[in-house]
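In what follows, every heavy atom counts, from backbone to side chain, and hydrogens, waters and symmetry copies are set aside.
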Amino acid sequence: MASIKDVAAEAGVSAATVSRVLNDHPSVSADARTRVLAAVAALGYRPNAVARSLRTDQTHTLGLVISDVLNPYFTELARSVEEEARALGYSVIIGNADERPDLQDHHVRNLLDRRIDGLLVSPTDGGSPLMLDAARAGTPMVFVDRWIPGVDVPVVRSDGRAAVRDLVEHLHGLGHRRLAIIAGPAATTTGRERVEAFREALRAHGLDLPDAYVGQGDFQAESGRRVTERFLDLPEPPEVVFAADNLMALGALDAVRARGMRVPGDIALAAFDDVRWFVHTDPPVTAIAQPTGELGRAAVRALVARIEGRPGESLTLPARLVIRRSCGEPPSTVLPPSPVRRSMP
C-alpha cells in the first residue's frame with residue numbers, strides 16, 4: 001500500500017506539500033496540486049482516516065440509533081440516511097435500540113466514545129438523561145421521526161394528523177362507525193400523537209373512542225396480535241382496527257386469520273407506516289405512508305449543517321393516505337399529500 005512518502009517522491013514534492021494538498025490548503029501552487037493528485041491516482045493512495053481524524057478532530061462518521069431495525073420503516077430510513085451521508089462524504093455506524101431505552105443509551109454512549117462527528121436518533125422514550133446531557137454539551141444531534149420534548153435540537157419528522165383525518169373520513173364514508181386503535185407506546189411522541197389525532201378525527205364525525213377500543217401496543221407484531229384478540233372478544237367488536245404502525249398491523253392480521261375470519265369481510269384493517277409488502281397481502285392494506293426516504297436525507301443534511309457550525313433546520317413533512325382494499329373499498333385513487341410544512345416541534 002502506497003504511503004504519503006511514496007506520493008511525495010512520485011510527485012517530486014515534500015510530504016508536507018502532499019499533506020497540504022490532501023487537506024485542501026490554499027497555500028499550494030496549482031502545479032504542485034496537479035502533480036500530487038496525479039501521483040495519488042497513479043499509486044492508488046488512500047489517506048489514513050484514523051490518523052487524519054486525530055489531526056483534524058473529525059472522523060467523518062455519523063452515528064444513527066434507530067428504534068427497531070426489523071421494522072421496515074426504520075430499515076428504509078437507515079438506508080436513506082446511509083446514502084445521503086455517503087454522498088456528503090460521511091460514513092454511518094448504526095445501532096439498533098430494539099425499542100429498549102437501555103439499549104438505546106448503550107448505543108449512544110458507545111457512539112460518543114467512538115468520537116463520531118454527529119448523532120441521529122429516533123428515541124425510544126422521552127426521558128433519556130444521556131441524550132439531554134449530550135445535547136447540552138454541544139454534541140451535534142438531530143432527532144428523526146420521534147423526538148424528546150425539551151431537548152433543543154432539530155427534529156425531522158412527518159405530520160400524520162391530516163392523513164389520520166383523511167383515513168377516518170374515508171372509513172366514515174364507507175359506513176364504518178365502530179373504530180378501534182392499537183396504539184404505540186405512550187412514552188414515545190409518535191405513540192401519543194397518533195392516538196390523539198385518531199381521537200380528534202373521530203370527534204369531528206361525532207364518534208367516540210371508548211376505552212375498550214384503545215389497545216396499548218409497543219410497535220411490535222406480538223402486541224398487535226394480542227390487542228386484536230382482545231378486540232375480537234368484546235361483546236361488540238370494532239368494525240375497523242387501525243394499527244399505529246406496520247408491525248402491529250401484521251400482528252392484527254395474524255389474529256384475525258387465526259380466528260378463521262377475513263379482512264375486510266369480518267373486520268376492516270388500516271395501518272400507519274405503509275410498507276412495500278402491504279400491496280402483496282390479501283387484501284392489500286390501506287395505510288398512511290410517510291416520506292421515509294426524504295426524512296432520512298433531510299435529517300443527514302440538518303446534522304451535517306450542525307457539524308459545520310450552521311443552524312440545522314427542523315423539518316415537518318406531510319404523511320398521506322394510501323387507499324387499497326382492506327377496509328371494504330371499491331377501486332379508488334390515492335389522496336394527494338398536503339403541502340410541506342417547516343416548523344419546530
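Contact of the L64 side chain with the I93 side chain is not registered, since no non-hydrogen atoms from C-beta on lie closer than 4.5 Å. Side-chain contact check for R194 versus D273: some heavy-atom pair is nearer than 4.5 Å. Residues P129 and L132 have side chains not in contact (no heavy-atom distance under 4.5 Å, counting atoms from C-beta outward). The shortest distance between side-chain heavy atoms of T189 and P149 falls below 4.5 Å. A heavy-atom distance below 4.5 Å is not found between the side chains of V40 and V21. Using a 4.5 Å cut-off on side-chain heavy atoms (C-beta onward), L111 and L119 make contact. Two residues are said to be in side-chain contact when any heavy atoms from C-beta on lie closer than 4.5 Å; L303 and P140 meet this criterion. Using a 4.5 Å heavy-atom cutoff, the side chains of R320 and V322 are in contact.
Under the 4.5 Å side-chain heavy-atom criterion for Ile, Leu, Val, Met, Phe, Trp and Tyr, L77 and L315 are members of the same hydrophobic cluster. Linking Ile, Leu, Val, Met, Phe, Trp and Tyr whenever their side-chain heavy atoms come within less than 4.5 Å puts V240 and M261 in one cluster. Residues L234 and L209 share a hydrophobic cluster, clusters being chains of Ile/Leu/Val/Met/Phe/Trp/Tyr side chains in contact below 4.5 Å.
No donor-acceptor distance shorter than 3.5 angstrom exists from the side chain of R225 to the backbone of D254, with no hydrogens or angles considered. Using a distance-only test at 3.5 Å, with no hydrogens or angles considered, a donor-acceptor pair links the side chain of E329 to the main chain of C327. Using modelled atom types, one side-chain atom of E239 and one backbone atom of R178 make a donor-acceptor pair closer than 3.5 Å. Remark: side-chain polar atoms of T61 are paired, donor with acceptor, to backbone N or O of T59 under 3.5 angstrom. At distances below 3.5 Å, at least one donor-acceptor pair connects side-chain atoms of R192 with backbone N or O atoms of A186. Side chain of S223 to main chain of G217: no donor-acceptor pair is present (N/O by atom type, distance under 3.5 Å, no hydrogens or angles). A donor-acceptor pair under 3.5 Å links the side-chain atoms of T75 to the main chain of V69, judged by distance alone. Q104 places a side-chain N or O within donor-acceptor distance of the main-chain N or O of T124, the cut-off being under 3.5 Å. Put simply, the side chain of T292 gets close to the backbone of Q290: a donor and an acceptor are under 3.5 Å apart. For Q216 (side chain) and G184 (main-chain N/O), a donor-acceptor pair under 3.5 Å exists by modelled atom type.
No more than 12 heavy-atom neighbours from other residues, nucleotides or ligands sit within 6.0 angstrom of CZ on R114. A 6.0 Å sphere centred on CG of D211 holds no more than 12 heavy atoms belonging to other residues, nucleotides or ligands. For R276, the CZ atom sits in a loose shell: 12 or fewer heavy atoms of surrounding residues, nucleotides or ligands are nearer than 6.0 Å. More than 12 heavy atoms of other residues, nucleotides or ligands shown are found within 6.0 angstrom of CZ on R230.
The salt bridge (charged side-chain N to carboxylate O under 4.0 Å, His left out) test applied to R203 returns no partner, not counting sequence neighbours. With sequence neighbours excluded, the residues that form a salt bridge (charged side-chain N to carboxylate O under 4.0 Å, His left out) with R161 are E196, E200. In terms of the salt bridge (charged side-chain N to carboxylate O under 4.0 Å, His left out) criterion, D113 has no residue partners (sequence neighbours excluded). E76 is linked by a salt bridge (charged side-chain N to carboxylate O under 4.0 Å, His left out) to nothing, counting only residues two or more places apart in sequence or in another chain.
To the nearest 0.5 Å, atoms CE (M141) and CD1 (I116) are separated by 8.5 Å. Expressed to the nearest 0.5 Å, how far CD of Q220 lies from CG of N71 amounts to 8.0 Å. Atom CE in M131 sits 5.5 Å away from atom CG in D105 (nearest 0.5 Å). Taken from CG in D208 to CG in L179, the straight-line distance is 11.5 Å, to the nearest 0.5 Å. Between I267 atom CD1 and T228 atom OG1 the span is 7.0 Å, to the nearest 0.5 Å. Expressed to the nearest 0.5 Å, how far CG of D68 lies from CD1 of I66 amounts to 7.5 Å.
Electrostatic pairing of D274 and R324 counts as a salt bridge here, judged by a charged N lying under 4.0 Å from a carboxylate O. Salt-bridge annotation for D98 and R100: absent, with no side-chain N of the basic residue lying under 4.0 Å from a carboxylate O of the acidic one. R226 has no carboxylate O lying under 4.0 Å from a charged side-chain N of E222, or vice versa, which leaves the two without a salt bridge. Taking the charged nitrogens against the carboxylate oxygens, E84 and R301 do have a contact shorter than 4.0 Å, which makes a salt bridge. With salt bridges taken as basic N to acidic carboxylate O contacts below 4.0 Å, none links R306 and E313. At a threshold of 4.0 Å, the pair R165-E169 does not count as salt-bridged, since none of the basic side-chain nitrogens sits closer than that to a carboxylate oxygen.
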Is there a side-chain contact (heavy atoms from CB on, under 4.5 Å) between V18 and V13? Walk through the geometry before answering. CA-CA 7 Å; V18 173; V13 298; 3.8 Å; yes
Run the side-chain contact (heavy atoms from CB on, under 4.5 Å) check on F143 and S122 step by step: do they pass? CA-CA 6 Å; F143 291 141; S122 179; over 6 Å; no
Kindly indicate, with the supporting measurements, whether the criterion side-chain contact (heavy atoms from CB on, under 4.5 Å) is fulfilled by V7 and L43. CA-CA 7 Å; V7 173; L43 298 174; 4.1 Å; yes
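Side-chain contacts under 4.5 Å among hydrophobic residues (ILVMFWY), followed directly or transitively, place L174 with no other residue at all. Apart from V285 itself, the hydrophobic cluster it occupies contains L250, V275, W277, F278, where clustering links Ile, Leu, Val, Met, Phe, Trp and Tyr at side-chain heavy-atom distances under 4.5 Å. In the hydrophobic clustering (ILVMFWY side chains linked at under 4.5 Å, chained through shared members), L103 stands by itself.
Residue pairs meeting the ring pair (Phe, Tyr, Trp, His ring centres under 6.0 Å) criterion with at least one partner in residues 246-276, sequence neighbours excluded, do not occur; the list is empty. For residues 190-247, the pairs satisfying ring pair (Phe, Tyr, Trp, His ring centres under 6.0 Å) are H172-H205, F198-F242, with sequence neighbours left out. Among residue pairs with one or both ends in residues 129-146, those qualifying as side-chain hydrogen bond (donor to acceptor under 3.5 Å, both in side chains) are S67-R146, Y73-D145, E99-R146; sequence neighbours excluded. For residues 81-118, every residue pair satisfying the ring pair (Phe, Tyr, Trp, His ring centres under 6.0 Å) rule, not counting sequence neighbours, is listed here: H60-Y90. Residue pairs meeting the side-chain hydrogen bond (donor to acceptor under 3.5 Å, both in side chains) criterion with at least one member in residues 259-270, sequence neighbours excluded: D233-R259.
For the side-chain contact (heavy atoms from CB on, under 4.5 Å) criterion with S314, the lone passing option out of V142, V155, V156, V153 is V155.
When all heavy atoms are compared, the tightest approach of A319 to P291 is CA-CD, 4.5 Å. The two residues P238 and V241 make their nearest non-hydrogen contact at CG-CG2, 4.3 Å. Minimum heavy-atom separation, A249 to L269: O-CD2, 3.8 Å. Taking every heavy atom of both residues into account, P264 and P283 meet most closely at CD-CG, 3.9 Å.
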